[in-house]
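This report refers to the structure that appears directly beneath it.
Nothing fancy with the numbering, it's 1 onward along the sequence.
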Amino acid sequence: MSPKEFTESLGTTVRARRGSLSLSQSDLADLAGVSERFIRFVEQGKTTVQLEPLLAVLGTLGLELAVQAAGKQSKLS
């Protein structure tokens, strides 16, 4: 999976989870301690987002990022 494919999938997952929790981008940003702009970048699939704030966003949404051996389907949970 290319970095762009990964970040697009991640963005889709974050957007869907945020929606299922009835949170606005602004609400999520406040809860995660990041800017609303950062949330937009994640949801748009920007490939240069920083890891630490991304993990804060994922944790706020009850999601985690997993790494596994190559050749297996990537996991966005």
Side-chain angles (χ1 to χ4, degrees):
M1 174 180 290
S2 74
K4 186 63 178 167
E5 290 170 328
F6 174 79
T7 56
E8 286 174 355
S9 177
L10 177 66
T12 299
T13 300
V14 167
R15 186 172 32 263
R17 178 69 173 161
R18 178 178 60 78
S20 73
L21 296 173
S22 299
L23 295 172
S24 68
Q25 288 181 336
S26 179
D27 293 337
L28 177 55
D30 289 344
L31 290 169
V34 301
S35 69
E36 190 174 339
R37 182 177 181 210
F38 184 81
I39 301 299
R40 280 195 311 273
F41 285 166
V42 170
E43 291 187 0
Q44 292 169 355
K46 186 171 173 131
T47 58
T48 58
V49 296
Q50 294 181 334
L51 183 59
E52 189 171 345
L54 174 62
L55 293 175
V57 169
L58 295 177
T60 300
L61 293 172
L63 299 172
E64 63 183 22
L65 188 62
V67 178
Q68 57 190 31
K72 296 186 177 189
Q73 186 173 348
S74 67
K75 179 180 177 184
L76 300 173
S77 37

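- A distance-only check finds a donor-acceptor pair linking the side chain of Lys4 to the backbone of Gly45 [under 3.5 Å].
- Taken to the nearest 0.5 Å, the OG1 atom of Thr48 stands 7.5 Å off from the CZ atom of Phe41.
- Counting heavy atoms of neighbouring residues, nucleotides and ligands inside a 6.0 Å radius, atom CD of Glu36 exceeds 12 of them.
- Checked by atom type and distance alone, the side chain of Ser9 never pairs as donor or acceptor with a backbone atom of Glu5 at under 3.5 Å.
- The structure places OG1 of Thr13 at 10.5 Å from CD of Glu43, a figure rounded to the nearest 0.5 Å.
- The line from OG of Ser24 to CG of Asp30 is 7.5 Å long, rounded to the nearest 0.5 Å.
- Contact of the Leu21 side chain with the Leu28 side chain is not registered, since no non-hydrogen atoms from C-beta on lie closer than 4.5 Å.
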(request) May I have the step-by-step check of side chain to side chain contact (heavy atoms under 4.5 Å, CB included) for Val34 and Val42, ending in yes or no? (result) CA-CA 11 Å; Val34 301; Val42 170; over 6 Å; no

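- To the nearest 0.5 Å, atoms CD (Gln50) and CG (Leu55) are separated by 11.5 Å.
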(request) Mind running side chain to side chain contact (heavy atoms under 4.5 Å, CB included) on Leu10 and Leu58 for me, showing each step along the way? (result) CA-CA 10 Å; Leu10 177 66; Leu58 295 177; 4.1 Å; yes

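- Phe38 and Val49 make their closest contact through CE1-CB, 3.8 Å (heavy atoms, listed as atom of the first residue, atom of the second, distance).
- Two residues are said to be in side-chain contact when any heavy atoms from C-beta on lie closer than 4.5 Å; Ile39 and Val57 meet this criterion.
- Contact between Gln44 and Arg15 at its shortest, heavy atoms only, is N-NH1, 4.4 Å.
- Shortest non-hydrogen contact noted between Thr60 and Ala56 is OG1-O, 2.8 Å.
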